[in-house]
Amino acid sequence: MAVALARPRPSRNPIVAEDRRAGWVFILPAMAIFIVFVFGAILFSFYVSLHNYSLLSRGGAWQIFVHPGRTWVGLDNYRDILSSDDFWLAFRNTAWYALGVVPAQTFFGLVLAVLANRKIRGRTFFRTAFYFPAISSSVVISIIFLWMYSARGPINYVLRELGFPTPRPVWLANPNGIFAMLLHELGIEHVSVWLEGPSVALLSIMMLNVWTTTGTMMVIYLAGLQNIPGDVYEAAAIDGATRFQMFRDITIPMLRPVTAFVVTVGLIGTFQVFDQIWVMSEGGPAKKTTTIAYLVYVEGFRQGRGFGYASAIAVILFLIILALYFMQRRLTAQDYQM
Amino acid sequence: MAVATGELARPRTGAAARKGRMDTALQILAYVVLTLVALLMFFPFIFSVTTSLKTQAEANRLLSLRGLFWPEQITFDAYRKVFEADIERWFFNSAFVAAIWIIGRAFTATTAGYAFARMQFPGKNILFLMVLSTMMIPGMVTIVPKFLILNELKLINTYGALTLPFLADAFGIFLMKQFFESIPTELEEAARVDGASRYRMFGEIILPNAMPGLIALSIFSFQASWNAFLEPLIFISKPALYTLPLGLAYFRQSNYTEWPTMMAIAVITTVPIAIFYLIFQRWFVEGQVSSGIKG
């Protein structure tokens, strides 16, 4: 993350004393919102996750502060979640989703950025075109792709014209894991649920996600490419390096921090995917597109096990993202040492 | 001599020619790939426009190549139908909510951004770090407490739920802090000699010079509010308060196969942001680069 930390500068500023108060006055409006809806909400989330609480049965939320004993269940929600099949199915779905989408969008983003970074006419046009899906409404895109994936939609039309079979049941209605299907063709049955792979339905949403975010990754990579000084390449050219060598030995290593950023952003993005699933599949078929984020919604707001249970899933989601973030930072730190 | 030079020069020109041919080939390859990908990015939007101009009967029929790009018979029936679905109300709600987000974030981000950029006060660094780190927290993680807090405030199913929690955001504060740090301090120092307070400096020097930063911030706020779905979905169940994405999503649930009408709503939702995007393209892209997170 592009974090620029403010460091206190020694200064003979005559209004230092004023700033000590004025600073707080200036940040007050933003902090008021942050304290209630961000910092407070995060702490509240932890607190609710330790209760068995749903609005209908228990009255207002202040109840769990005034009479915590009535709803307190300690870590029971967490225990229930970690021993529930639904959670682990959602975990697998989310993991497949991230494992498929993040490498694909990173790779395509890099390739497009390298191509668009050449001296070509219409570079602005290409950048504008590639980035347009990223600024469009996720609901709009989901509706368009619903139609594209539908039985009589253009994707099946193109496959038919090219002589390929279309999956049956069609795309978003297909709960079969793609690796399980492949192994089935090879005569291997009863694959472990961990190796079934993403369902065809989930894969359809993953492809939409790659389509939407590749442009974002390209734009970030383009900025990174433009920060590599040209004389590094000139020096390499004088030494007789080929284009491929330059790409492998200069471009890729110099882009490593950008790649770390792109992967982090990609992981955070894929772990919170929700809109597309709500519109396109509602978690089905057979819960095979229910991600962790979608499970929070179902348990909290769709006749699930209530706010306490949903909050506990949300906290687990938060911890997973935090762990991924620190893992990525460690890996990049090691890169720099080498 | 002449021969020797020729001998020496030949391999070099050979290599240069090879390199030149390679350059041309790569150039052509770049154009071909970039054009194909650009088409891939545009086609779904083009299809949504053509489908919105079809009759329901044609949309139900099997596709043909021509039908993908041009309707047999152009009709505006779908656009007439969306007004029966109350789209002008959704459009108004989306626009109204966007305006509040833009104004609110402009206020909170300029004040906080200025304080973080220029002032020294206790707790500043830790607070800024805390604000920044919230950028990586998914909206889903805090949706339950947000709902409970808004419910206690009796704001569920009001415009308050669609606006109040979003009047400040980490990215906006970060953006404005970066922007203010790029403004030279001379003017403020001169004002200080005249005995101006921080509040006067902010009002008379900083704000008049903050336009570029404010434009970038407003675009980002507009995009985030226009496309917001999760929070409106959770906080709003009254049809009169639907925003465009919410209206479209619910319309689909009850009109499963009315593709022309759905696409008409999709087109109407996309046009304002597309116009904004074409005008302010540069800001959109730069905002993305410095934040990296789709709002």
Side-chain angles (χ1 to χ4, degrees), chain A residues 2-3 6 8 16 18-20 22-24 26-27 29-30 33-34 37-38 41-42 44-45 48 60-61 115-116 118 120 126 128-133 135-140 143-144 147 152 154 157 216 219-220 223 261 265 268 272 274-275 279 293 296 300-301 307 310-311 314 317-318, chain B residues 30 33-34 37-38 41-42 44 47-48 62-63 68 107-108 111-112 114-116 119-121 124-125 128 132 134 136 138 140-142 144-146 148-149 152 165 167-168 173 192 198 223 227 229-230 234 245 248-249 252 259 262 266 269-270 273 277 281 284-285 288-290 292-294:
Chain A
V3 179
V16 157
E18 187 199 350
D19 276 1
R20 290 176 68 83
W24 276 93
F26 270 86
I27 64 165
I33 302 288
F34 258 85
F37 290 106
V38 184
I42 293 168
F44 194 8
S45 197
V48 179
L115 288 177
R118 297 175 63 81
I120 52 170
F126 287 124
T128 310
F130 297 165
Y131 192 55
F132 188 63
I135 58 122
S136 307
S137 150
S138 53
V139 175
V140 164
I143 292 282
I144 297 176
W147 172 74
R152 293 181 166 190
Y157 170 77
T216 308
V219 163
I220 298 173
F261 179 67
V265 169
I268 295 174
Q272 59 177 311
F274 173 79
D275 304 3
V279 175
V296 175
F301 300 96
F307 294 125
S311 278
L317 175 64
F318 175 64
Chain B
V33 174
L34 291 174
V37 177
M41 296 295 176
F42 274 136
F47 296 159
S48 75
L62 215 58
L63 269 175
L68 263 182
F107 177 64
T108 57
T111 48
Y114 182 59
F116 283 127
M119 304 183 194
Q120 295 305 329
F121 53 91
K124 167 184 163 175
N125 293 341
F128 185 64
L132 260 194
T134 61
M136 61 172 239
M140 195 50 103
V141 168
T142 51
V144 168
K146 271 185 191 151
L148 293 176
I149 294 166
E152 288 299 298
L167 296 184
I173 294 170
R192 185 183 304 146
R198 272 294 182 198
Q223 184 204 345
N227 295 340
F229 178 64
L230 170 63
I234 304 287
L248 175 55
R252 192 255 163 181
W259 293 116
M262 275 186 259
T269 306
T270 308
I273 199 126
Y277 179 52
Q281 203 250 116
F284 266 95
V285 172
Q288 181 65 53
V289 170
S290 45
I293 294 170
K294 204 185 161 191

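Every chain is numbered from 1 and lettered A, B, ... according to where its sequence line falls, protein lines coming before strand lines. Computed over heavy atoms, backbone and side chain alike; hydrogens, waters and symmetry mates excluded.
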*Asks:* Could you have a look at Thr142(B), Val141(B), Thr269(B) and say which one has the most heavy-atom pairs with chain A under 4.5 angstrom?
*Replies:* Val141(B)
*Asks:* Between Phe130(A) and chain B, which part of the residue has a heavy atom less than 4.5 Å away: side chain, backbone, both or neither?
*Replies:*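 Both backbone and side chain of Phe130(A) come within 4.5 Å of chain B.
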*Asks:* Measure distances from Leu34(B) to the heavy atoms of chain A and classify the residue's part below 4.5 Å as side chain, backbone, both or neither.
*Replies:*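 Both backbone and side chain.
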*Asks:* With a 4.5 Å cut-off on heavy-atom pairs, point out which of Val296(A), Asp275(A), Leu317(A) contacts chain B the most.
*Replies:* Asp275(A)
*Asks:* Taking side chain to side chain contact (heavy atoms under 4.5 Å, CB included) as the definition, give me every residue that meets it alongside Ala129(A), ordered by chain and number, with sequence neighbours left out.
*Replies:*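 Side chain to side chain contact (heavy atoms under 4.5 Å, CB included) check on Ala129(A) returns Ala38(B), Phe42(B).
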*Asks:* Let's test your reading of the structure: which of Val38(A), Thr128(A), Val279(A) forms the most heavy-atom pairs below 4.5 Å with chain B?
*Replies:*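 Top option by heavy-atom pairs under 4.5 Å: Thr128(A).
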*Asks:* What option among Thr108(B), Ile149(B), Leu167(B), Thr111(B) has the most heavy-atom pairs under 4.5 Å with chain A?
*Replies:*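 Max contact count across the listed options: Thr111(B).
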*Asks:* Do you know which two heavy atoms are closest between Pro154(A) and Leu68(B), and how far apart they sit?
*Replies:* CB-CD2, 3.7 Å
*Asks:* Heavy atoms, side chains only, cut-off 4.5 Å: are Trp147(A) and Phe47(B) in contact?
*Replies:*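 Yes, side chains in contact.
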*Asks:* Atom CD1 in Ile144(A), atom CH2 in Trp259(B): separation rounded to 0.5 Å?
*Replies:*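 Here the interatomic distance stands at 10.5 Å.
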*Asks:* Please flag which part of Phe318(A) lies under 4.5 Å from any non-hydrogen atom of chain B: side chain, backbone, both or neither.
*Replies:*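 Interface part for Phe318(A): both.
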*Asks:* In terms of relative ring orientation, are Tyr131(A) and Tyr277(B) parallel, tilted or perpendicular, with 30° and 60° separating the classes?
*Replies:* tilted
*Asks:* Please round to the nearest 0.5 Å and tell me the distance separating atom CG of Leu148(B) and atom CZ of Phe307(A).
*Replies:*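 With rounding to 0.5 Å, CG (Leu148(B)) is 5.0 Å from CZ (Phe307(A)).
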*Asks:* If every non-hydrogen atom of Met140(B) is compared with every non-hydrogen atom of Ala314(A), which pair is closest and at what distance?
*Replies:* O-CB, 4.1 Å
*Asks:* Is Ile273(B) in contact with chain A via its backbone, its side chain, both, or neither, using a 4.5 Å heavy-atom distance?
*Replies:*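 Both parts, backbone and side chain.
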*Asks:* Using a cut-off of under 4.5 Å on heavy-atom pairs, state which of Val33(B), Ile173(B), Leu230(B) scores highest against chain A.
*Replies:* Leu230(B)
*Asks:* Specify the closest pair of heavy atoms between Val144(B) and Ala310(A), including all atoms of both residues, with the distance to one decimal.
*Replies:*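 For Val144(B) versus Ala310(A), the nearest heavy atoms are CG2-CB, 4.2 Å.
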*Asks:* Heavy-atom pairs under 4.5 Å with chain A: which of Ala266(B), Ala112(B), Pro44(B) has the most?
*Replies:*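 It is Pro44(B).
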*Asks:* Test of understanding: with side chain to side chain contact (heavy atoms under 4.5 Å, CB included), list the residues that count as partners of Ser45(A), not counting sequence neighbours.
*Replies:* Ser311(A), Val315(A), Pro145(B)
*Asks:* If you take all heavy atoms of Glu18(A) and Arg198(B), which pair is closest and at what distance?
*Replies:*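 Heavy atoms of Glu18(A) and Arg198(B) come nearest at OE2-N, 3.1 Å.
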*Asks:* Go through the atoms of Phe132(A) and report whether side chain, backbone, both or neither lie under 4.5 Å from a heavy atom of chain B.
*Replies:* both
*Asks:* Hey, does the side chain of Asn227(B) reach the backbone of Ile135(A) with a donor-acceptor pair shorter than 3.5 angstrom?
*Replies:*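 Here the side-chain-to-backbone pair exists.
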*Asks:* Below 4.5 Å, heavy atoms only, C-beta onward: do Phe121(B) and Asp19(A) meet side chain to side chain?
*Replies:*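 Heavy-atom side-chain distance check fails, nothing below 4.5 Å.
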*Asks:* Could you look at Leu115(A) and say if it's the side chain, the backbone, both or neither that has a heavy atom under 4.5 Å from chain B?
*Replies:*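 Both backbone and side chain.
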*Asks:* Among Pro245(B), Pro165(B), Ala115(B), who wins on heavy-atom pairs under 4.5 Å with chain A?
*Replies:*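 Most heavy-atom pairs within the cutoff with chain A belong to Pro165(B).
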